[in-house]
Amino acid sequence: MSIVHPQPLRLARQYKLKWETTQNAYVLLYPEGLIKLTGSAGEILKRIDGKSSAPDIINALEASYPGVDLKQDVIDFLEHAHNKGWITRD
Amino acid sequence: MTDSTHSAQPGPLWVNAEITYRCPLHCVFCYNPLNYASTFDKELSTEEWVRVLREARELGAVQLGLSGGEPLLRDDLEEIIAEASKMGYYTNLLTSGIGLTEKRIAAFKANGLDQIQLSFQDSSKELNDFLSSTKTFDLKLKVAKLIKQYDYPMVLNVVLHRLNIDHIEQILQMAERMQADHVELANSQYYAWAFKNREYLMPSREQLERAEIICNQFRERLGNKMKLYFVVPDYYSDRPKACMNGWGSVFLNIAPDGLALPCHEARMLPELAFPNVRDHDVRSIWFDSHAFNAYRGNSWMPEPCRSCDEKEKDFGGCRCQAFMLTGDAANTDPVCSKSPHHTLITDQVALAQGSRAADDQVRPLIIFRDDKNSRQFMQ
């Protein structure tokens, strides 16, 4: 089941993404834990809004970083996030 | 502590506010300190909690556990939630559910509470009520409905041990019926009340293996629809847990009486004079206190940790477990097979493989977490 699909992606209910100025990073929060995200992971996850699909997110990132071939990295990360249960599309 | 360590040390990320040790339940595996009743007349006020949370937030803390005891016994919980939420915390309520009325959950929702973790002791009313020494099972079912009704994710917490682990299939079926999003099935760790009851609570290897197989079957069938965490007792591993991700690294526990601790259990360590938030601000506690620096980094480590290439991975395990079992908190956690005290663990594990005494023989021997017993431990 590929993550590249026209259906929108959203964060799973028990996860919350927050920009933290003190950490200078996005933080993904869940019951009993938290993950401080790298810059690129934060850039991808912040675009998950319940309306955008994986192709939408890839397009948006390509528009923000013209000339950078980031498609496969984004797909890999979204698949990782999906396997971890952070994001869902149902 | 050297200056370089000090400047490299980030602030806490996760604050656990144990706002009261009072609790209507008397769970046999409770990790609250044995002498918890000594805090009853010293609980922090609302204003003190708000100040402490603000100080920690300024250092970068973002995850907030509101815990206990039973936090619902504080009637200022609504106010604490509202203030913490305004500060930008991700707020979690860890509760038995007892006392969670519709009026209160509506106020929590309005005040910005993000998450509720509801504990069950078992899938059966009989054992749930025995283990908590209360009649609370039906109330918990009602609370589970309220949590759904108020559109919270359903986060269930069931502590596993010898007496309930064979019900794992029924426990998971119950979780599925409740449409749980997130289920934590952590085996009891042996601290405080659970340490007192260790021989009655430790499952056999066979019990653990069976439980894990059943968990995996649910995982395969339900996938991410119900996130399932299964944690085995660390006594069954040969490497220690990376306790708290390192001492004074990310986690700050504030006890009801204001004692600041690097974990839930550290109050037991006799040689560290833990600072109190009534006397010091969180910044000086976190960065400058002797107690929070005592086991930071790895310069404090004796052998076999000192020369071990895994010391950055597990930080030598748990200081409290080392203290409880060997008498010295700086020793390698005896869970590690490299520890000269490892037989303290393996002997206990061997005992747990023995034939099981009947439940009606075991039950009268168990020590319940209650105020009368706690006052005895205070002496």
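Values below: every heavy atom of this structure, side chains too, minus hydrogens, waters and symmetry copies. Predicted model, so just to flag it, every value in this text is computed and none were measured. Letters go in sequence order (proteins before strands), and every chain restarts at 1.
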Rounded to the nearest 0.5 Å, the OG1 atom of A/Thr22 sits from the CG atom of B/Leu13 at a distance of 9.5 Å
Tightest non-hydrogen contact, residues B/Val62 and A/Val27, listed as CG1-CG1, 4.3 Å
If one checks every heavy atom of B/Asn92 against chain A at 4.5 Å, the contacting part turns out to be side chain
Among residues 109-117 of chain B, residues within the sub-4.5 Å heavy-atom range of chain A, in order of number, are B/Asp114, B/Gln115, B/Gln117
Taken to the nearest 0.5 Å, the spacing of B/Tyr89 OH from A/Leu29 CG works out to 12.0 Å
So, the part of B/Tyr229 with a heavy atom under 4.5 Å from chain A: the answer is side chain
Okay, A/Gln14 and chain B: the region with an atom under 4.5 Å from a heavy atom over there is both
Okay, B/Leu59 and chain A: the region with an atom under 4.5 Å from a heavy atom over there is backbone
Separation between CH2 (B/Trp14) and CD (A/Glu32), nearest 0.5 Å, reads 5.0 Å
Please check this pair: side chain of B/Lys227 against backbone of A/Lys84, looking for a donor-acceptor N/O pair closer than 3.5 Å. yes
Of B/Val250, B/Asn157, B/Asp151, B/Asn245, the largest count of non-hydrogen pairs under 4.5 angstrom with chain A goes to B/Asp151
If you count the non-hydrogen atoms of other residues, nucleotides and ligands that lie under 6.0 Å from NZ in A/Lys46, is the total more than 12?
-> yes
Under 4.5 Å to a heavy atom of chain A? For B/Glu184 that would be side chain
Distance col, row B/Arg57:CZ vs A/Glu20:CD, nearest 0.5 angstrom, shows 4.0 Å
Quick check on B/Arg283: does its CZ atom have over 12 non-hydrogen neighbours (other residues, nucleotides or ligands) under 6.0 Å away?
no
